[in-house]
Amino acid sequence: MPLPADNRRSLDSASAGKHLLFIDEQLNVGGIAVLISRVSRLLLRDGWKVTLLVRVAVPEAKAMLPEGLELHELGGRFKRMYFHGYAVRLACNFGFDRADLVYATGVVASWLGTILSTFLPKHPRLLCAAYTQREYCYPRSRSFAHYGDFLRCENVDRNVPDAAKLFQSEVVRDNHSRSFGRDLRDSCIAVVPVEPWRSDQTTRIPDRHRIVSVGRLCDWKTYNLYMIDVIAGLRARGHPVRWDVYGTGELEPEMRSRIRSLGLESAIQLHGHLHLAETPEVMASAGAFVGMGTAIIDAAFCGVPGVVAVAHSKTEETYGYLYDLPFGTFGEVLEGRATRTTTELLERLLLLSEAEYQAEMGKTRRYVQPFALEEVYQHLLRCFEKAQPCKASYWRFAAYNLHGLYRRFGPRGTPNRP
């Protein structure tokens, strides 16, 4: 539920003048960039200083960041921060040694976050966030080649207080509870915030035959491949559907080849990158959305019914519409859950009466209201207050660095990566 206005003011005034350091290894266009951009904008509004530390950031993701955020793109220096002496010197040189809170967005970022929380003189509080199903879960393989992965997960398990862990959903938290072998009820749950598009930003006149997808065309978003066959199948069944795809990535050449081979050039258009501000206009005439992550939540705020794609899936099987899934999940594998086909769900939307389709739009909008930016932001401020400094193991850091050197320079056949 939204906070009362007086409670919001008290949280905001208590936060003024503080310094938050985000750490993200590689800033790509996607949910993490959306999170950092939107939360940073509100933090800056409320008087925080915000710094973002990355190894590399793609230009499209950098363009999303708000004015006033201090970005440090470190390149090769990023992983040299695995050595705590270097990390402390870098922090002092760049001025984030006085940060009050470190917000780490993944397993690599959490490793650096624990180094900074442990060795900086101020010992900033740490919040380690998990936005994938098994972000900090122990590797299934216990071979020596994966010992470094084991150490990074053990670090979050044993050295990061449970109150300093944040999970995207109950499903993600439960996965980590099973991996760590204990209850994580003291950990926070917070979804990625989404901008609630106002109805006055555009007039929505849906075209049921227009299907839209937004997201990177990367190897694990395999729906970008099977959707070509879904479109071909729906058209063969007499539905003159079209598919507008927004995004760029390594799957694009294969997609274009398959589109040409099926003669679907007039039915499927690849439009390239979509700027967030253009979302309401693109969704104004969309009849359905197929995809995952924050993009499907953005579409739902515009009233577009969404079919959730499953990461890495080679078939069109889906767990259903967005509102069918456990809250906070929108693309992860959900073991044991019944599936349906994307074709079936899209065809159902095509065959609904006008009144039924309007009801579907309303159900979709209602489901995503808890993702609204201001509400999630206020909840995150409470998570910030719960976060704690960590006291990590010097020997675990040393063992990890020695293992990394072994993998890089060790016997032939050892994976050649740190």
Side-chain angles (χ1 to χ4, degrees), residues 1-3 8 11 20 22 24 28-43 64 101 103-106 109-110 127-136 162-177 184-197 214-215 276 279 289 291-311 319-334 337 363-387:
M1 293 179 60
L3 286 176
R8 291 187 179 188
L11 274 175
L20 183 140
F22 281 110
D24 186 55
N28 287 308
V29 174
I32 299 300
V34 169
L35 164 79
I36 293 172
S37 171
R38 289 171 172 167
V39 172
S40 295
R41 176 161 51 83
L42 296 186
L43 288 170
M64 296 166 61
L101 176 71
Y103 193 128
T105 61
S110 73
L127 196 62
C128 291
Y131 293 107
T132 63
Q133 274 191 301
R134 297 183 55 82
E135 186 69 45
Y136 305 120
D162 288 349
K165 298 180 178 78
L166 182 148
F167 299 100
Q168 176 177 277
S169 67
E170 292 277 3
V171 171
V172 175
R173 186 168 69 177
D174 289 347
N175 286 343
H176 288 78
S177 289
L184 294 173
R185 70 180 67 189
D186 291 336
S187 302
C188 295
I189 291 179
V191 296
V192 174
V194 172
E195 196 86 55
W197 306 109
V214 178
L276 278 174
T279 299
F289 186 97
M292 58 178 63
T294 53
I296 197 168
I297 308 298
D298 271 317
F301 266 110
C302 296
V304 183
V307 177
V308 181
V310 181
Y319 300 118
Y321 298 113
L322 178 60
Y323 55 69
D324 290 326
L325 274 65
F327 184 76
T329 60
F330 32 73
E332 302 93 333
V333 175
L334 302 175
R337 194 173 185 88
K363 188 174 183 179
T364 299
R365 278 199 186 99
R366 287 192 298 275
Y367 176 82
V368 295
Q369 293 310 304
F371 288 88
L373 175 58
E374 189 67 45
E375 183 171 341
V376 176
Y377 172 66
Q378 296 296 329
H379 178 60
L380 277 174
L381 290 179
R382 294 192 290 273
C383 295
F384 293 173
E385 292 300 316
K386 285 182 61 179

| field | Test log, rule side chain to side chain contact (heavy atoms under 4.5 Å, CB included), inputs Y377 and L43 | value | CA-CA 9 Å; Y377 172 66; L43 288 170; 3.7 Å; yes

| said: Between L380 and Y103, does the side chain to side chain contact (heavy atoms under 4.5 Å, CB included) criterion hold? Intermediate values first, please. | reply: CA-CA 11 Å; L380 277 174; Y103 193 128; 3.9 Å; yes

| request: Quick one: closest heavy-atom pair of V308 and G331, and the distance? | output: CG1-N, 3.5 Å

| side-chain contact (heavy atoms from CB on, under 4.5 Å) partners for S187, two or more places apart | D162, K165, F167, R173, L184

Side chains of residues 28-42: which donor-acceptor pairs under 3.5 Å do they make with residues two or more places apart or in other chains?
{"unit_1": "S37", "atom_1": "OG", "unit_2": "M64", "atom_2": "O", "d": "2.7"}
{"unit_1": "R38", "atom_1": "NH1", "unit_2": "P193", "atom_2": "O", "d": "3.3"}
{"unit_1": "R38", "atom_1": "NH2", "unit_2": "D298", "atom_2": "OD1", "d": "3.4"}
{"unit_1": "S40", "atom_1": "OG", "unit_2": "I36", "atom_2": "O", "d": "2.6"}
{"unit_1": "R41", "atom_1": "NH2", "unit_2": "E195", "atom_2": "OE1", "d": "2.6"}

| Is the gap between the ring centers of F371 and F327 under 6.0 Å? | yes

| task | Measure across L322 and A300 and return the closest heavy-atom pair with its distance rounded to 0.1 Å. | result | CD2-CB, 3.8 Å

| request: Nearest 0.5 Å please: distance from the CG atom of L127 over to the CZ atom of F384. | output: 6.5 Å

| task | List the atom of P370, the atom of Y367, and the distance in Å for their closest heavy-atom pair. | result | CD-O, 3.4 Å

| field | F301 versus V368, closest heavy-atom pair with distance | value | CZ-O, 3.0 Å

| request: Report yes if some heavy atom in the side chain of V172 is under 4.5 Å from a heavy atom in the side chain of T132; otherwise report no. | output: no

| note | Sorted by chain and number, sequence neighbours left out, side-chain hydrogen bond (donor to acceptor under 3.5 Å, both in side chains) with Y323 holds for E360

| request: Side-chain contact test, heavy atoms from C-beta onward, threshold under 4.5 Å: evaluate it for Y319 versus D324 and give yes or no. | output: no

| Contacts of type side-chain contact (heavy atoms from CB on, under 4.5 Å), residue R366, not counting sequence neighbours | K363

| Set of residues satisfying side-chain hydrogen bond (donor to acceptor under 3.5 Å, both in side chains) with respect to T294, sequence neighbours excluded | none

| Reference residue Q378; test side chain to side chain donor-acceptor pair (under 3.5 Å); the match among E374, E375, R382 | E374

| Side chains of E332 and Q168: do they bring a donor and an acceptor to under 3.5 Å? | yes

| note | For P196 and A372 the tightest heavy-atom approach is CG-CB, 3.7 Å

| remark: Of all heavy-atom pairs linking A130 and E135, the shortest is CB-CB, 3.8 Å

| message | Is the shortest side-chain heavy-atom distance between Y321 and V307 below 4.5 Å? | response | yes

| said: Applying side-chain hydrogen bond (donor to acceptor under 3.5 Å, both in side chains), can you list everything that pairs with Q133, at least two apart in sequence or on another chain? | reply: none

| query | What residues form a side-chain contact (heavy atoms from CB on, under 4.5 Å) with V214, not counting sequence neighbours? | reply | V212, Y246, L274, M283, F289, A295

| message | Measuring only between side-chain heavy atoms, which start at C-beta, is V192 closer than 4.5 Å to V376? | response | no

| request: Could you pull out all residues at least two apart from Y136 that satisfy side-chain hydrogen bond (donor to acceptor under 3.5 Å, both in side chains)? | output: none

| Partner set under side-chain contact (heavy atoms from CB on, under 4.5 Å) for P326, not counting sequence neighbours | V171, T329, L334, R337

